[in-house]
Amino acid sequence: MDKCSGYYNAAEIFGENVFNDSVMQERLPKKVYQRLKEIIRGGKELDLATADVIAHEMKEWAIEKGATHYTHWFQPLTGVTAEKHDAFITAPMENGKVLMSFSGKELIKGEPDASSFPSGGLRATFEARGYTAWDCTSPAFVRQDAAGATLCIPTAFCSYTGEALDQKTPLLRSMEAVNEQAMRLIRLFGNKTSRKVTASVGPEQEYFIVDREKYLKRKDLIFTGRTLFGAMPPKGQEMDDHYFGTIRERIAAYMRDVNVELWRLGVSAKTQHNEVAPAQHELAPIYASANVAVDHNQLVMETLKKVAGRHGLQCLLHEKPFAGVNGSGKHNNWSITTDDGINLLDPGVTPHENFQFLLVLTCILKAVDIHADLLREAAADVGNDHRLGANEAPPAIISVYLGEQLEDVIKQLISTGEATHSISGSKLETGVKTLPDFMKDATDRNRTSPFAFTGNKFEFRMIGSQDSIAQANIVLNTIVAEAFSEACDVLENSSDFEQALHDLIKKNATDHRRIVFNGNGYSEEWVEEALRRGLPNITSMVDAIPSLNTEKSVRLFEKFGVFTRAELNSRVEVEYETYAKKINIEARSMIDIAGKQIIPSVIKYTTVLANSVAAVQSVCDADISVQQGLLSEVSALLAETKSALSKLEKLAGQGIVMEEGREQAVFYRDKVMSAMAELRSPVDKLEMIVDKDMWPMPSYGDLIFEV
């Protein structure tokens, strides 16, 4: 770093706080390093003697970075990460000094209180024991912040009886499933050299940035992450001038510090830009294996929020922090690649001749078609209900975009039984002599598709901005593993491989062509067409949750050892409970803000207005008609607000005493959410009338334009 200019060389600082492969190779004895690599590749189990050596070197390295504590960093079903910090010190010796130690046993296993995390009935309050287990495939790292330096060890989290209580455990199981079935598939095509197939992921992260001082004056943002009241300013996003616009200096300084923190943690933050809505931005990393990508995305979200505070800013990760402008999502770019660099989703120059690719592609079409409900559920979140199907995010209907080239190949397969050609890209002529002509791709992109093929990967675009990407990748890995498994069962038992392969590709393409849609996903015509095709249109989280534990889903997940029936049932309970609790918090926040801030402010304004009317009336009766009309309008809206508030208070009281489960979640969606909308309507109208100096909170314009 150049301290004078604040310049950082990304190549020099990248991964400096990560116990990565180069650090391990340098610090670990050769035999220990080789054994650890074998364990990471999935060939062996970690023994305690090896773990002791690794733990000692990891501790020494972390202490050199200034670490005094270590933590097993895990991802329970709360939606955020969790950690318990332990110091490296041992019990004091006779001379009053302490030793710094960290054993293999401490590295491998931790023991947080399992009963205090969501378990959906898997653990009772009196059954407290739970374990964290080191995921050696995701590197440990040292996090440096105001608390000092802490060694963070990525871990899985399970109950005393072995059930997964987290996101990582089923993700790792799903990665093993897709690896095993993909290896079967590529062996059928003569690949004898690849040893492993890994799901690779690159998640794009959208977020809003607002001034923290203004944020602290909005109780709704503090309690719920979104504005529960708020009238649109005269300008929103209609001019499209924010998208890819020049990044303002205050935001640029913030982005720079975010990048530096992430690079030091080995997160390959690459792309940053302004998004469509004012105050909205995006950060995208380079691909990593699915479990590392999940860990890194959690670090991205934590870092975005942490660094914002240093700049007097606040990062909002809610899917819809502001009504009337685009919300935030997370695009999950997913591919499957061998350990020697073969991308199974690379169509090549002539995809119609690439039979391995065509089999992989049509298997994925089959997987998405059969399990569209599970993919939709993987993106189910309370905040995401405000986005999906709202012409700013993909529709709630799952479909696959293939582009002109691959759709044409699929049509050939269906109509004639074989594909004989592929549409090629052509030269794009700019018409300007000083600009180079170049070859354009053979297909365009479709930003309205929930699951789009984009060259050599699929982009699942439905995930909410504050959600973990784990569940989406668990589902993707598992449903593709199932499709691969069924394909391999057919091909391995065939007497004529080439004919069986040809027939299977055609069958998959024909049977699941309904899932392919290249058109405008925002159009009403597509909603009607999807209904005719029999595609599910699941518009709310509450209606998506049941797909988790249908018999179809249970068979799928149990077949590949990703979830047990009990684990699926527990997640259903957790999600219903989460939905009801989040809506209840929003309702109570609205009640608190309306009763303690908005109504008193409006009453104050009407008093001032009434006194003004009386003063003018004593002078000239002809001048009071406008003010009297305004007073009448405000008084009517105030009465409407009080009535709506009373209704919401009653319904919120009913909801909180209901038994947790689907019935309660449905009540909050259908009754409480409707009452919240009824309360918001008059309040937003009042905001446009009441003197700004008397309105109790910053407006939309203050928040999204004054950063």
Side-chain angles (χ1 to χ4, degrees), residues 79 201-208 225-227 232 236-238 240 242-244 273-284 297 301 316-334 368 372-401 445-454 458-469 471-473 475-476 515 517-527 529-530 535-544 579 582 669 673 704:
V201 175
E204 305 166 24
Q205 178 71 54
E206 295 177 341
Y207 61 96
F208 279 82
R226 76 179 182 103
T227 51
M232 276 297 294
Q237 64 186 55
E238 56 269 80
D240 298 320
H242 189 258
Y243 189 51
F244 276 35
H273 61 82
N274 291 346
E275 257 298 336
V276 174
Q280 187 185 31
H281 311 279
E282 181 180 292
L283 183 152
N297 186 245
M301 291 189 286
L316 305 178
L317 292 175
H318 193 283
E319 287 76 18
K320 195 72 172 178
F322 304 102
V325 299
N326 278 15
S328 295
K330 189 144 42 187
H331 298 174
N332 188 86
N333 295 282
W334 178 90
V368 173
D373 57 341
L374 271 179
L375 269 178
R376 170 63 183 89
E377 202 287 326
D381 179 81
V382 180
N384 226 11
D385 280 2
H386 297 285
R387 291 178 61 245
L388 298 180
N391 289 6
E392 64 180 61
I397 304 163
I398 297 287
S399 65
V400 178
Y401 170 80
R445 289 193 175 186
N446 187 323
R447 307 309 292 175
T448 71
S449 174
F451 197 73
F453 186 78
T454 55
F458 275 101
E459 184 180 19
F460 185 44
R461 303 180 60 245
M462 296 181 78
I463 305 174
S465 54
Q466 63 184 329
D467 260 6
S468 166
I469 60 171
Q471 184 63 19
N473 288 292
V475 171
L476 276 172
I515 201 69
F517 178 65
N518 279 4
N520 180 11
Y522 292 160
S523 68
E524 286 298 320
E525 291 78 10
W526 167 234
V527 176
E529 171 65 19
L535 300 179
N537 184 5
I538 305 171
T539 57
S540 79
M541 176 181 176
V542 174
D543 290 334
Y579 184 91
K582 285 190 175 182
R669 181 194 63 187
M673 286 283 285
I704 64 178

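Just the heavy atoms: all of them, side chains too, but no hydrogens, waters or symmetry mates, feed the values below.
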Set of residues satisfying ring-ring contact (aromatic ring centres under 6.0 Å, His included) with respect to Phe244, sequence neighbours excluded: His273

Distance-only side-chain donor-acceptor flag, Asn326 / Gln237, under 3.5 Å: yes

Donor-acceptor contact present, side-chain Asn332 to main-chain Phe460, <3.5 Å: no

Donor-acceptor pair, side chain of Asn473 and main chain of Ile469, under 3.5 angstrom: yes

Closest contact, heavy atoms only, Gly464 versus Arg387: CA-NH1, 4.4 Å

Leu388 side, atom CG; Met462 side, atom CE - distance, nearest 0.5 Å: 4.5 Å

Considering all heavy atoms, the nearest Ala544-Glu377 contact: O-CG, 3.0 Å

From CG (Asn297) to NZ (Lys330), nearest 0.5 Å: 4.0 Å

Under 3.5 Å: donor-acceptor pair, side chain of Glu206, backbone of Glu275: no

Inter-residue atom distance Leu317.CG - Arg226.CZ, 0.5 Å rounding: 15.5 Å

Nearest heavy atoms of Arg376 and Ile538, plus distance in Å: NE-O, 2.8 Å

With His242 via ring-ring contact (aromatic ring centres under 6.0 Å, His included) - residues at least two apart: His281

Nearest atoms (heavy-atom pairs only) where Pro395 meets Pro450: O-CG, 4.2 Å

Test item: Leu535 and Ile398 side chains (from C-beta on) under 4.5 Å apart, heavy atoms: no

Donor-acceptor contact present, side-chain Glu319 to main-chain Ser465, <3.5 Å: yes

Counterpart residues, salt bridge (Lys or Arg N to Asp or Glu O under 4.0 Å), relative to Glu392 (two or more places apart): Lys320

Distance (rounded to the nearest 0.5 Å) between Glu459 CD and Phe453 CZ: 12.0 Å

Where Gly521 and Trp526 come nearest, the two heavy atoms and their spacing: O-CD1, 3.6 Å

Residues which pass ring-ring contact (aromatic ring centres under 6.0 Å, His included) with Phe208, listed by chain and number, not counting sequence neighbours: Phe322

From Gln280 atom CD to Ile704 atom CD1, the distance as rounded to the nearest 0.5 Å: 10.0 Å

Donor-acceptor under 3.5 Å (Gln471 side chain, Ala379 main chain): no

Side chain to side chain contact (heavy atoms under 4.5 Å, CB included) involving Asp467 - partner list, sequence neighbours excluded: Asp381, Ile463

Side chain to side chain contact (heavy atoms under 4.5 Å, CB included) partners of Thr448, counting only residues at least two apart: Asn446, Asn520, Tyr522

Ser449 side chain to Val400 backbone, donor-acceptor under 3.5 Å: no

Geometric class of the Phe458/Phe451 ring pair [parallel <30°, tilted 30-60°, perpendicular >60°]: parallel

Minimum-distance pair of heavy atoms, taken over all atoms of Met541 and Tyr579: SD-CD1, 3.7 Å

